[in-house]
Amino acid sequence: MAKKIGVTMEVGNDGVAVITISNPPVNSLASPIISGLKEKFRDANQRIDVKAIVLIGNNGRFSGGFDINVFQQVHKTGDLSLMPEVSVELVCNLMEDSRKPLVAAVEGLALGGGLELAMACHARVAAPKAQLGLPELTLGVIPGFGGTQRLPRLVGLAKATDMILLSKSISSEEGQKLGLIDALVPPGDVLSTSRKWALDIAEGRKPFLRSLHRTDKIGSLSEARAILKTSRQLAKKIAPNMPQHHACIEVIEEGIIHGGYSGVLKEAEVFKQLVLSDTAKGLVHVFFAQRATSKVPNVTDVGLKPRPIKKVAVIGGGLMGSGIATALLLSNIRVVLKEINSEYLMKGIKSVEANMKGLVSRGKLTQDKAGKALSLFKGVLDYTEFKDVDMVIEAVIENIQLKQNIFKEIEKVCSPHCILASNTSTIDLDVIGEKTNSKDRIVGAHFFSPAHLMPLLEIVRSKNTSAQVILDLMAVGKAIKKVPVVVGNCIGFAVNRTFFPYSQAAHMLANLGVDLFRIDSVITSFGLPLGPFQLGDLAGHGIGLAVGPIYAKVYGDRMFRSPMTELLLKSGRNGKINGKGYYIYEKGSKPKPDPSVLSVVEESRKLTNIMPGGKPISVSDKEIVEMILFPVVNEACRVLDEGVVIRASDLDIASVLGMSFPSYRGGIVFWADTVGPKYIYERLKRLSETYGSFFKPSRYLEERAMNGMLLSESKSSRSRL
Ligand SMILES: CCC[C@H](O)CC(=O)SCCNC(=O)CCNC(=O)[C@H](O)C(C)(C)COP(=O)([O-])OP(=O)([O-])OC[C@H]1O[C@@H](n2cnc3c(N)ncnc32)[C@H](O)[C@@H]1OP(=O)([O-])[O-]
Ligand SMILES: NC(=O)c1ccc[n+]([C@@H]2O[C@H](COP(=O)([O-])OP(=O)(O)OC[C@H]3O[C@@H](n4cnc5c(N)ncnc54)[C@H](O)[C@@H]3O)[C@@H](O)[C@H]2O)c1
């Protein structure tokens, strides 16, 4: 059925015109909506039978803001004229400066441009639990319909900068306390109260307030300057590589110094510069990439419905199992945790409790909710409780035989509909299920550590996994607030496989004589939160040593064999876990580079003996980035070529959410496309001539470079999905 897009106006006998925005699912402000709003407001202002106006969104949602698809069109075409003129013509002239009072009837959500329209109204009536916010900075732009000016005038400068810079939305309850919402009423009363409110303003019983003209919440100039100074410090900390936070503060400041209208004009000018920035391109891409993951061919488009998953068994209460159990419990899913003996079981239960406690102490969870979640939790040492679970997630140590035996056992004790998932990070799912007759319900549920915090869930589909099982696991993933990305079965799946050259390239550089702390610092300046050596410390070097041979078996021709990890472990350094690795870890202080680790590096250099002429190579920061990340791009090309992901943007979102690749660079493939496949190919080719096959460009990269194509452009014919 075609969706109904448009703006309607109905004038009641009370003389109130109700203007309704309809653009399912979130009433985004697409071009026809904006022109419809202009037309209806003009109409309402002219009609003599209209005394007052109410603005509302259809289907219980006010508006999710400006249509983000338009940003994407602007990015594709570079044509800024696709952006309609709104902030002055519609928002200031037709709405805020209208002679007839306007009331926003806010239900569900008012985000971005949606909230900005509501703030241009003369009062706001809201239903409970509506979501209110200006999340534009997450898209690389700033609010562009006057939000930078009106929000500070309605809620005060400190709160407004906090909400805008951190893209934090608030509930209508909080909005009422702050003065953003004038009345909070039951959902069924929102429209009737808004009508009455609008008439009350029209007839002088309530004040006719224009947000942009207000000054009562701004405070003195010196107070404002102090708040903006703190905001600038915050922006520097949270977004060192992005322009929109600082630009936004400048725009807010303009309005404080020269008045709201001047601020609106500057806002429009800055918005136009930012919308074409690389940051906006990357972040808008990530927005759509994340939503695209929920569309899986032959799974989400064949009329299947997800089955309810109410009780899950987790096998193994170690690092991963306890995190997975925590995530499930937090979404009200009952969990039984199975361990090998009571000592390990207690350890697992304590870890889950500690996870909850951590969330409570950081203000992310109430004590009450933590208590409720833990009441759904039970530890067990046998399979009795497994008979009525809807899903098992196995998270025992990475041992093929152990996992095969466990799957054979659970096949017997669970019901035939039960999903049998493994959190393995490297073992082939077909091998895990080899001894069972249930291959269609075996699936990979690959979480990232710490599993209750990291947002990515890789769902690994073997050639036998049924579409229903994939759909069910996708629904569980969403229920526990993860972004599920469906990927094909191969060693390392999509994320770990793509990033396995990351630490190897770093080791190669260190063995070539480059300072390892410099490498980490260059990579963090690029935007990854941890450089390769600090990441190794965090994961623990034992893991690196254990998975190395598994990768070597399949991808051996493109491995750099560095003795450094083994030497590091021999010297008693296992990373954060035992307080020292490349860095020193002390409670309460930041990791410190450990100069004494350089003797380990020296030893490794002697053994590899790859420094040309025995002398350290000299490289620029740019070359370091290229030597570390181009091999990652190269592996991403193979992942695309083999059809391990459905679409290139799935790898982008997986790299952002699983490896913390900077979202403002759009993800690994998007970034590579902005750098240019031809450039990457040529650099890798030259590097492989100097340093060997580790850098050898893949066939996929070569083809795209030769044909002038983007890496994201072509779909593989060899899909594993
Ligand atoms: C000059 C301009 C100035 C202005 O200040 C700029 C802005 O307003 S910038 C905007 C500021 N606003 C924001 O940044 C809000 C961005 N949106 C959100 O945060 C969430 O979507 C929302 C909370 C609204 C709903 O969450 P949920 O219920 O989990 O649902 P969901 O997330 O799965 O989305 C469902 C479908 O709606 C689609 N879609 C959604 N919003 C928009 C949009 N604005 N546009 C277009 N489409 C949008 C989304 O792509 C998806 O499509 P599909 O084809 O089905 O995949
Ligand atoms: N550590 C990571 O960062 C990470 C990330 C993603 C996936 N994984 C995968 O998750 C799995 C678990 O890793 P981990 O780091 O949590 O390991 P871990 O060593 O911390 O925990 C494993 C737990 O499994 C328990 N166990 C062993 N045999 C069992 C059995 N028969 N029944 C019940 N419990 C049993 C052990 O007692 C131990 O507590 C592995 O397959 C690993 O590859 C790990």
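This is a predicted model, so every value here is computed, not measured. This chain uses plain numbering: 1 for the first residue, then up along the sequence.
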*Charged N to carboxylate O below 4.0 Å: is that the case for Glu89 and Arg42?*
yes
*Hey, is Arg232 close enough to Glu250 for a salt bridge, meaning N to O under 4.0 Å?*
yes
*Might you point out which heavy atoms bring Ser211 and Leu154 nearest each other, and give the distance in Å?*
OG-CD1, 3.8 Å
_Which atom of Met659 lies closest to which atom of Val495, heavy atoms considered_ = CG-CG1, 3.6 Å
*asked:* When you compare the side chain of Gln149 with that of Val251, does any pair of heavy atoms fall below 4.5 Å?
replied: yes
*Does NZ belonging to Lys159 count more than 12 external heavy atoms closer than 6.0 Å?*
yes
*asked:* More than 12 heavy atoms of other residues, nucleotides or ligands under 6.0 Å from NZ of Lys217: yes or no?
replied: yes
*Check: Ile257 and Leu221 side chains under 4.5 Å, non-hydrogen atoms*: yes
_Would the distance check show the side chain of Glu267 and the main-chain N or O of Gly146 forming a donor-acceptor pair, the cut-off being under 3.5 Å?_
yes
*Stepwise, does the side chain to side chain contact (heavy atoms under 4.5 Å, CB included) test hold for Lys281 with Asp278?*
CA-CA 5 Å; Lys281 288 176 187 163; Asp278 286 345; 4.2 Å; yes
*Chi angles and distances behind the side chain to side chain contact (heavy atoms under 4.5 Å, CB included) call for Arg214, Arg150*: CA-CA 9 Å; Arg214 284 177 60 173; Arg150 291 188 181 86; over 6 Å; no
*Kindly say whether Ala451 contributes a backbone atom to a donor-acceptor pair with the side chain of Lys482 at under 3.5 angstrom?*
yes
*Nearest 0.5 Å please: distance from the CG atom of Leu80 over to the NZ atom of Lys272.*
7.0 Å
*Is the backbone of Gly144 close enough, under 3.5 Å, to the side chain of Thr148 for a donor and an acceptor to pair up by distance?*
no
*How long is the span from the CD atom in Glu203 to the NZ atom in Lys196, to the nearest 0.5 Å?*
10.0 Å
*Could you check Val7, Val103, Leu37 and say which one makes a side-chain contact (heavy atoms from CB on, under 4.5 Å) with Leu55?*
Leu37
_Quick check: do Leu456 and Val656 have side-chain heavy atoms less than 4.5 Å from each other?_
no
*With rounding to the nearest 0.5 Å, note down the distance linking OG1 in Thr193 to CG in Leu184.*
10.5 Å
*asked:* Does Arg362, at its CZ atom, have more than 12 non-hydrogen atoms belonging to other residues, nucleotides or ligands within less than 6.0 Å?
replied: yes
*How many angstroms lie between CG in Leu329 and NZ in Lys372, if you round to the nearest 0.5 Å?*
14.5 Å
_Does Asn241, at its CG atom, have more than 12 non-hydrogen atoms belonging to other residues, nucleotides or ligands within less than 6.0 Å?_
yes
*Partner of Met119 by side-chain contact (heavy atoms from CB on, under 4.5 Å), out of Leu212, Leu132, Leu134*: Leu134
*For Asp200 and Arg205, indicate whether the former's side chain and the latter's backbone hold a donor-acceptor pair under 3.5 Å.*
no
*Other residues, nucleotides, ligands: >12 heavy atoms within 6.0 Å of Gln233 CD*: yes
_Any donor-acceptor pair under 3.5 Å linking the side-chain atoms of Thr293 with those of Asp650?_
no
*Determine yes or no for a side-chain-to-main-chain donor-acceptor pair under 3.5 angstrom, with Arg291 supplying the side chain and Phe287 the backbone.*
yes
*N/O donor-acceptor pair under 3.5 Å between Asp673 side chain and Leu710 backbone*: no
*So do the side chains of Ser194 and Ile56 get within less than 4.5 Å of each other, counting heavy atoms only?*
no
*Leu157 and Leu228, any side-chain heavy atoms less than 4.5 Å apart*: yes
*What are the two closest heavy atoms between Pro128 and Ser172, and how far apart are they?*
C-OG, 3.4 Å
*asked:* Which heavy atom of Ile480 sits nearest to which heavy atom of Ala327, and what is that distance?
replied: CG2-O, 3.7 Å
*Report the relative orientation of the aromatic rings in His285 and Phe670; use parallel for angles under 30°, tilted for 30 to 60°, perpendicular for over 60°.*
parallel
*Any idea how Phe71 and Phe271 line up, ring-wise: parallel (<30°), tilted (30 to 60°), or perpendicular (>60°)?*
tilted
*For the atom pair CZ (Arg665) and CD1 (Ile668), what is the distance rounded to the nearest 0.5 Å?*
10.5 Å
*Kindly indicate whether the side chain of Asn58, heavy atoms from C-beta on, has any atom under 4.5 Å from the side chain of Lys4.*
no
*Do the side chain of Arg210 and the main chain of Glu96 share a donor and acceptor less than 3.5 angstrom apart?*
yes
*How close do Leu328 and Val476 get, heavy atom to heavy atom, and via which atoms?*
CD2-CG1, 4.1 Å
*Pair Leu209-Asp182, side chain to side chain contact (heavy atoms under 4.5 Å, CB included): steps then yes or no*: CA-CA 11 Å; Leu209 295 173; Asp182 298 282; 5.5 Å; no
_Which residues pass the side chain to side chain donor-acceptor pair (under 3.5 Å) test with Ser31, not counting sequence neighbours?_
none
*For Leu283 and Ser663, which heavy atoms make the closest approach, and how far apart are they?*
CD2-OG, 3.4 Å
*So, the side chain of Asp67 versus the backbone of Ser28: is there a donor-acceptor pair under 3.5 Å, distance only?*
no
*Sub-3.5 Å donor-acceptor pair from the side chain of Glu107 to the main-chain atoms of Ala127, do we have one?*
no
_Using the rule given for side chain to side chain contact (heavy atoms under 4.5 Å, CB included), can you reason through Val54 versus Trp197, listing the C-alpha separation, both sets of side-chain angles and the distance that settles it, and then say yes or no?_
CA-CA 9 Å; Val54 168; Trp197 201 290; over 6 Å; no
*Measure the shortest side-chain to side-chain distance between Arg647 and Lys295 over non-hydrogen atoms and say whether it is less than 4.5 angstrom.*
yes
*Answer yes or no: is there a donor N or O on one side and an acceptor on the other, between the side chain of His75 and the main chain of Leu276, under 3.5 Å?*
no
*asked:* Between Ser63 and Leu117, is there a side-chain heavy-atom distance shorter than 4.5 Å?
replied: no
*Out of curiosity, Ile21 CD1 to Ile34 CD1, how far, rounded to the nearest 0.5 Å?*
9.5 Å
